[in-house]
Colleague: 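Structure in structure tokens, see below.
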Amino acid sequence: MKDKIIIFDTTLRDGEQSPGASLNVEQKIEIAGQLSRLGVDIIEAGVPISSPGDFEAVRRIAKEIRGPVIAGLARAMEKDIEACGKAIRPAKRGRIHTFIATSDIHLKYKLKKSREEVLEIAERSIKYARRFTDDVEFSAEDAGRSDFDYLCRIVEAAIKAGASTINIPDTVGYAVPSEFGLTIKGLMERVPNIHRAVLSVHCHNDLGLSTANSISAVMNGARQIECTINGIGERAGNCSLEEVVMILKTRQQFLKKYGIVLPEIDTAQIYKTSKLVSSLTGIPVQPNKAIVGSNAFAHEAGIHQDGVLKKSLTYEIMTPRSVGVPSSNLVLGKHSGRHAFSKKLAELGLKVGAGDVDSLFARFKELTDKKKTVFDEDIMALAEEKLSGKMEIFSLEYFHISSGSSVIPTATIKVNFSRAKKNAKFQEAAYGDGPVDAAYHAIDKIVAKALKWKTVPKLIDYSIRSVSGGKDAQGDVIVRANYAGVAFTGRGASTDIIEASIKSYLNVINKIAYAKSKKEKVISI
Ligand code: KIV
Ligand code: ZN
């Protein structure tokens, strides 16, 4: 259907370029499965040349996930395209997405090439990519700041060379909606062979306009939108999937005159997908985020509450149910059984094997001893620990902290080390500026001993928030740390904030150790 809006999800590629958001292969597969249930048309699964880990993730998603087209990103270089071609080979429908910058700024300072040279590289790369698949997408990086006549020329040449999708990225989020719309309209009018390709847009959010620019583009002829769940991505992020999809659905009457046919997204899966991506990447969703923020359907003012109770339409332009916000505020507690617990996992979009349900249920029961009511967020936090547990090398056995206003804070930490043959245990003590600092020093000592690391991760951020309400709420600690120039995010939750802090740092250590073992992120794109 020519006018159907194609949803190209790049959460696992551009989204993963968010600082600290590195995902392992299992986590990527988990998210890809949920994206498939959501009904996206294309999943951009990664950049196969960037590391063996990314290659493996794209290959496994291509092999295991059915439904969407599976795409990989490749610079306009033979070795990138070849790696991409190999990684997408198991897919029923695989796409190579190749790109090169077209703005004079990038040509002069980054590529140091002339317009003619870049045009020739683009043509050559597309032809090369066509050896691996018929489905080739070409992106003119920084199109938003490219000379329009040159953009028209390169788009025409790319289609002639065999690209069936042409992507116009606003790479640095510079465009404003009317201007970006005119660029798309101009391309539709000026490029003679444009009707042989799908015109796509990929907008970044540096000025907060990525969604508006994408909508303006489809009003002017674009038929593919590239976007990410929760709008995560490089710098200020990408156009958010849930926003564009809900605009297209909620404003379909208005948009009808642009000939747009709605994408086939199961919008009831949006909330689950948002939660899953947030918990696996460790990137929280701001409370006032459109569609998926915790306040998106909360009515505070008395007049509003009164209106909504009389008729929700007074203050709600879409229902929470339409995006899958659970209607029952079914909260679990001490007396909840396994059945209610499994139902809740499904409601939250967590696909957990039978064995894992048992162990998660046991953890849930432990939590109900410490906490009267267990909210969705608590369960997501438990599940996230479980999912990242698949790469758990160190797990906490116990900790002891001594701290106060007139003592030197000291910590003793004991961990299980799963890489040793007989599941060895390591114990270290250290002091620090505070109890968390002391605990982190003790963990650094353990890691140096167990894994022989010569350097320790450098903490760049530490944040704590309450997972839910109430005095007995769990603390959710997110730690970002740099190791060998790469940022890693760890997360840990507990009713004890020191324990949450220790778990989050162990989570970082586990991710680094896992990435080192898989030699992940060797080339950064
Ligand atoms: O922002 C951008 O230009 C990109 C391209 C690689 C599509 O992410
Ligand atoms: Zn991008």
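Atoms within each ligand, like the ligands themselves, are counted from 1 in listed order.
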Colleague: With heavy atoms only and a cut-off of under 4.0 Å, state how Asp14 meets ligand 1: side chain, backbone, both or neither.
Modeller: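 Within the 4.0 Å criterion, Asp14 contacts ligand 1 through side-chain atoms alone.
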Colleague: Report yes if the side chains of Val58 and Ile88 come closer than 4.5 Å at any heavy-atom pair, otherwise no.
Modeller: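 They are in contact (side-chain heavy atoms under 4.5 Å apart), so the answer is yes.
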Colleague: Would one find an N or O of Asp142, backbone or side chain, under 3.5 Å from an N or O of ligand 1?
Modeller: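 For ligand 1, there is no N or O atom that lies under 3.5 Å from one belonging to Asp142.
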Colleague: With a cut-off of 2.8 Å, does Glu234 put an N/O/S atom close enough to the Zn ion (ligand 2)?
Modeller: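 It does not: Glu234 brings no N, O or S atom closer than 2.8 Å to the Zn ion (ligand 2).
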Colleague: Below a 4.0 angstrom heavy-atom separation, can you tell me which part of His97, side chain or backbone, both or neither, approaches ligand 1?
Modeller: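 Within the 4.0 Å criterion, His97 contacts ligand 1 through side-chain atoms alone.
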Colleague: One pair to check against side-chain hydrogen bond (donor to acceptor under 3.5 Å, both in side chains): Lys289 and Ser240. What are the steps and the verdict?
Modeller: CA-CA 10 Å; Lys289 166 82 180 62; Ser240 123; 3.3 Å; yes
Colleague: When you look for heavy atoms under 4.0 Å from ligand 1, do you find them on the side chain of Arg13, its backbone, both, or neither?
Modeller: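 Contact part for Arg13 vs ligand 1: side chain (C-beta onward).
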Colleague: Check all N, O or S atoms of His204 and name the one closest to the Zn ion (ligand 2).
Modeller: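 Looking only at N, O and S atoms of His204, the one nearest the Zn ion (ligand 2) is named NE2.
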Colleague: May I ask you to decide if Val47's main-chain N or O and Asp54's side chain share a donor-acceptor pair within less than 3.5 Å?
Modeller: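 A pair under 3.5 Å: yes.
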Colleague: Out of Lys511, Lys458, Lys516, which residue meets the side-chain hydrogen bond (donor to acceptor under 3.5 Å, both in side chains) rule with Tyr483?
Modeller: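 Considering Lys511, Lys458, Lys516, a side-chain hydrogen bond (donor to acceptor under 3.5 Å, both in side chains) with Tyr483 is found only for Lys516.
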Colleague: Nearest protein heavy-atom contact for atom 7 (C) of ligand 1: which residue, which atom, what distance?
Modeller: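 Protein heavy atom at minimum distance: Ser139 OG, 3.6 Å.
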Colleague: Please say whether His202 places an N or O atom under 3.5 Å from an N or O atom belonging to ligand 1.
Modeller: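 Checking ligand 1 against His202, an N or O pair does fall under 3.5 Å apart.
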Colleague: Could you label the plane-to-plane angle of the Tyr128 and Phe132 rings as parallel, tilted or perpendicular, counting under 30° as parallel and over 60° as perpendicular?
Modeller: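 Perpendicular: the ring planes of Tyr128 and Phe132 meet at over 60°.
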Colleague: Do any nitrogen or oxygen atoms of Thr171 come within less than 3.5 Å of a nitrogen or oxygen of ligand 1?
Modeller: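 So ligand 1 has an N or O lying under 3.5 Å from an N or O of Thr171.
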Colleague: With heavy-atom distances below 4.0 Å as the criterion, list the atoms of ligand 1 near Glu141.
Modeller: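 Counting atoms of ligand 1 from 1, those under 4.0 Å from Glu141 are 3 (O).
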Colleague: What N, O or S atom of Asp14 is found closest to the Zn ion (ligand 2)?
Modeller: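 Result for Asp14 and the Zn ion (ligand 2): OD2.
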Colleague: Measure across Ser125 and Met77 and return the closest heavy-atom pair with its distance rounded to 0.1 Å.
Modeller: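 Minimum heavy-atom contact is OG-N, 4.2 Å.
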Colleague: Have Thr11 and Thr228 got a donor and an acceptor in their side chains that come within less than 3.5 Å?
Modeller: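 Note: Thr11 and Thr228 side chains miss the donor-acceptor criterion.
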Colleague: Checking Ser279 side chain against Lys275 main chain: does a donor-acceptor pair fall under 3.5 Å?
Modeller: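 Such a contact is found between Ser279 side chain and Lys275 backbone.
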Colleague: Find all atoms of ligand 1 within a distance of less than 4.0 Å from any non-hydrogen atom belonging to His204, and give their numbers and elements.
Modeller: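 Within the 4.0 Å cut-off of His204, ligand 1 contributes 1 (O).
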